Structure formats: C-alpha cells, structure tokens
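Since the structure is predicted, the reported quantities are computational estimates derived from the model, not experimental observations. Proteins get letters first, then strands, A, B, ... in listed order; numbering begins at 1 in each.
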There are 2 protein chains.
Amino acid sequence: MISARRTEETRVSDSTVRRLSGYYRVLGELLEQGENTVSSYQLALRSGSTPAQVRKDLSFFGQFGKRGTGYDVVQLLAEIRSILGLDRRWKVCLVGAGNLAHALFTHKEFEREGFVIEAVLDNDPAKIGQRWSHLAVETVEHLARVVRERQLVIGIIATPAAAAQDVADHLVSAGIQGVLNFAPRKLSVPPKVSLRNVNLAIELEGLSFALK
Amino acid sequence: MISARRTEETRVSDSTVRRLSGYYRVLGELLEQGENTVSSYQLALRSGSTPAQVRKDLSFFGQFGKRGTGYDVVQLLAEIRSILGLDRRWKVCLVGAGNLAHALFTHKEFEREGFVIEAVLDNDPAKIGQRWSHLAVETVEHLARVVRERQLVIGIIATPAAAAQDVADHLVSAGIQGVLNFAPRKLSVPPKVSLRNVNLAIELEGLSFALK
DNA sequence: TGTTGTGAAGGCGTTCACAGCC
DNA sequence: GGCTGTGAACGCCTTCACAACA
C-alpha cells in the first residue's frame, strides 16, 4: 500500500474531508458486493459527487488509481481509512447523559470505526451512578480528572446550551484535542483544539427556509 | 415591520441560511438580556461570523438596520423568524423509532420553533403500538397514507442505512416536501424535494482527520 | 480505448473599503 | 462619529479539458 501522505503543504478543505467520508462508505459497500475496482465516475455516482471532484480530492493525498482501469477497492479503502485516521482507536468522553447522549452511546457504528466512549458524565444526581453498558455515569465534577487519567482525546458535548461553554473549557484545560458539540451554542476553543458542530435545529431551519 | 422579501433573484447560499440560524439564536439571547439594539460587530462576535458577513447576509433580504445605531433586536428577530419560515407550523413525520428518533422526539426545541412531530413509524413489531407521549408508534406500512391524510410536509429519516432510500421514496411519492436524513447513505430525491443530511460519523471522521 | 492526474479556467462565497445615512 | 449597505476585489473550491498512461 502506497503511503497516504500529503507531499505538498496544500491545506485540504473541509469539503474534501467530508467527501472522503462519503467515498469511504461507498467503498465499504462495493467491497461487500465483491467489486474489485471502481472508477471515479462510479464513485461519484454513488456518493453524490462528480468524477473530477473524486479525482481531485484523492490527488491531495497521492496517486491511487490506474489509468484505464480505475481504483482498486481494497487498496483505496485502506488508503482512505488511513487518511481519515480510522486505523486507530480514539478515546472519547461523552458529556451529558440525556436522550441524545444515549442515542450516540448505543450507536454501534462509532465503535466500529474506532471511536470508543470511555466515560459518560452528567451533573444530574439522578443519572450519576446509572449503568450504561459497561460504564457508570460519573459526575461532571470529575471531568478534568477523568480526561487526564484516561487520556481521552475527543469530547462530545451533549449538554444543554447553557452548560456547553463551561464543559468545553474544562475539556480543553484537561488536554482534550477535539470537540464535537451538539449544543446549540457557538463555542470558543483555542485554535489547536479541533471543533465540529452539529446543530439539529439549523438543519430543520434550513429545510423550513427552502420550503417557504 | 419591513417585509422580509428578496427583491432580486439572487440565489441565497446555504452558508448564509445557516448563519441566519446562528444570528437568530443570538438575537433570542440578546432579547432575554434586555438589549434593544445590536451592531453587526456584536452579532458577529457572538455568532462566530464577521461584521461584513452579517451585513451581507442580511442584505439579501432587505435593509433592516439603522446607520450609526445598528439593528433593532426585536425587529430583526421577527424578520429572521419570517425569513427562516419559523412563523408557522411544520408538520413532521418521524420514520424510525430507535434511540436517535426518541432523542429527536423528546427534544423540546423543535416544537418550540414550530416543528411538530405528528407521526412516528417503525417496522419493528415490538415498537409498533408503543406510546410516545400523545402518539402511538405506527407501522411503516402506513407511511404513505399517514403522510397524505395528515398532510405532513417534512420527513425525518432515522432508520438504518439499508432502509433509508426506500423510506425516502415512499415519503416523496406521498407528497413530502422536505427530508432530513440521519441515515449514513446518500439519498436520491427529486429536485423539488429539499434534502438535508446529518451524518454523525462524518463529523467524528472530520475530527479524526484533523487530529492525525 | 478507457480512465487517471492535474494545470488552468471558472464560479461562487467572503472580505474589503468606502459612500451613504443616522 | 458610528454603523450600515454594497459594489469590487479577493481567494478558494469546483469544473474543465487534456496529456499521460495502462
């Protein structure tokens, strides 16, 4: 396998990374279907992109295809897995133990991709101590210690909006490297910490706007 | 209140609509805090945008500010509510009755903004008949009829990936106008149907990429 | 022939900068 | 003086188009 490494200092856009996730998913399906090779055209068709876009996206990371043939499914899958960092384990801290957190916790896909939730915390006494599978819900007062001691690198914030920035501050000071925020509030984190936001209301509002 | 209506045929970008949602949230907070006016600078600071961007975004829909003063909080809130279509009720159909669907169902924010879930459907006999608040989970076999009879306009797909396209097809043929898809699969819908995707795995993969 | 890889062109969203107005 | 509204400049992402090559 050719090492998937950027040779240039070109900044890869967020859109490109998101599309890589899409290609990754399609390649998994193609593998299950027993396909050996795939063209940029097919990959585009099944992932909702365009052939040129597929080739351009991949070109940021190397030359993975064969002219006249296309891409080897197994090889490209491995390349993208490596590019996206899915070939390792990511220790995750889940803050908030509400319905959304529980849905995320029970979601099998994450664990399959290497995202392993190793702590669940909340500030509700009624929830603290609850067993969630092999974990017990802990008090959010222990957040910083838990993150440090278990060396958790990604924090998922699934708390009410009012608590989100405070939680983020504690995560950051404890050394968290990435934050996935579900609270509908703009968070401030230092530039070295990666931040992604998922705001369900924004998506519904986007639909509402389009339907008007 | 000046009517919020686009005078030009300029296509408003998706980014602009998403930012409007952010401004909307900040304005709500400002209102609670008793602020009467707000400048593009403050709005940008609190929503994670830039002053020029705020003004440009708003300019697509009208002229809502006063030079030298800024924007009236109450008025701008009403304008954006109208622009985003949050001044009406949207009847929503929730397909899939798993943990994620339940989290969405119990989320109070949606109802507050006018998104009212009026049907929950699943194909699991063990779930059909379950009471979810004032609703009962119905069989997905009745999907088309339910959408038509209750005149539901937005469908939320919270099913496994394998079922998603089939559900989307039924929703579309029953006359649904917008789809919010949580299944990790690219959906095909006719151009007249609005489609938004929320893919939690993509967000985690984006973090993973950034942390590598 | 078929398909990739990629420089160049194109298009679109963001930022600038300033005229206009309160 | 302060802040908005907006045409113009800018920069980035996407698309094109074709040379390279299996």
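Taking the side chain of A:Arg67 as heavy atoms from C-beta on, and the options C:dT15, D:dT14, D:dA22, the nearest nucleotide is D:dA22.
The phosphate of D:dT4 has OP1 or OP2 within less than 4.0 Å of a side-chain N or O from B:Ser40. Look at A:Gln53 and you won't find any side-chain N or O under 4.0 angstrom from OP1 or OP2 of D:dC13. Regarding contacts with the backbone of D:dT15, a side-chain N or O of A:Thr50 is found under 4.0 angstrom from either OP1 or OP2. At D:dT4, none of the side-chain N or O atoms of B:Gln63 fall inside 4.0 Å of OP1 or OP2 (strictly under the cut-off). Phosphate proximity of C:dT3 to A:Ser39: absent, as no side-chain N or O sits under 4.0 Å from OP1 or OP2. Dashed line: the shortest gap from a side-chain N or O of B:Tyr71 to OP1 or OP2 of D:dG5 is under 4.0 Å. Contact annotation: B:Arg11 side-chain N/O to C:dG13 OP1/OP2 distance is not under 4.0 Å. The shortest distance between the side-chain N/O atoms of B:Ser59 and the OP1/OP2 oxygens of D:dT4 is not below 4.0 Å.
In this entry the distance linking CG of A:Leu58 with C1' of D:dT14 reads 15 Å, nearest Å. B:Lys56 has its NZ atom 10 Å from the C1' atom of C:dC16, to the nearest Å. To the nearest angstrom, P of C:dT3 lies 20 Å from CZ of A:Phe64. One atom, CG of B:Asp57, and another, P of C:dT14, lie 7 Å apart when rounded to the nearest Å.
If you check distances only, the side chain of B:Arg55 does reach the base of D:dG5 with a donor-acceptor pair under 3.5 Å.
The pair B:Arg150-B:Glu118 does not meet the salt-bridge criterion, since no charged nitrogen lies less than 4.0 angstrom from a carboxylate oxygen. Salt bridge annotation for A:Asp87-B:Lys212: absent, with no cationic side-chain nitrogen under 4.0 angstrom from a carboxylate oxygen.
As judged by a 4.0 angstrom heavy-atom cut-off over every strand, B:Tyr41 is placed among residues making no nucleic acid contact.
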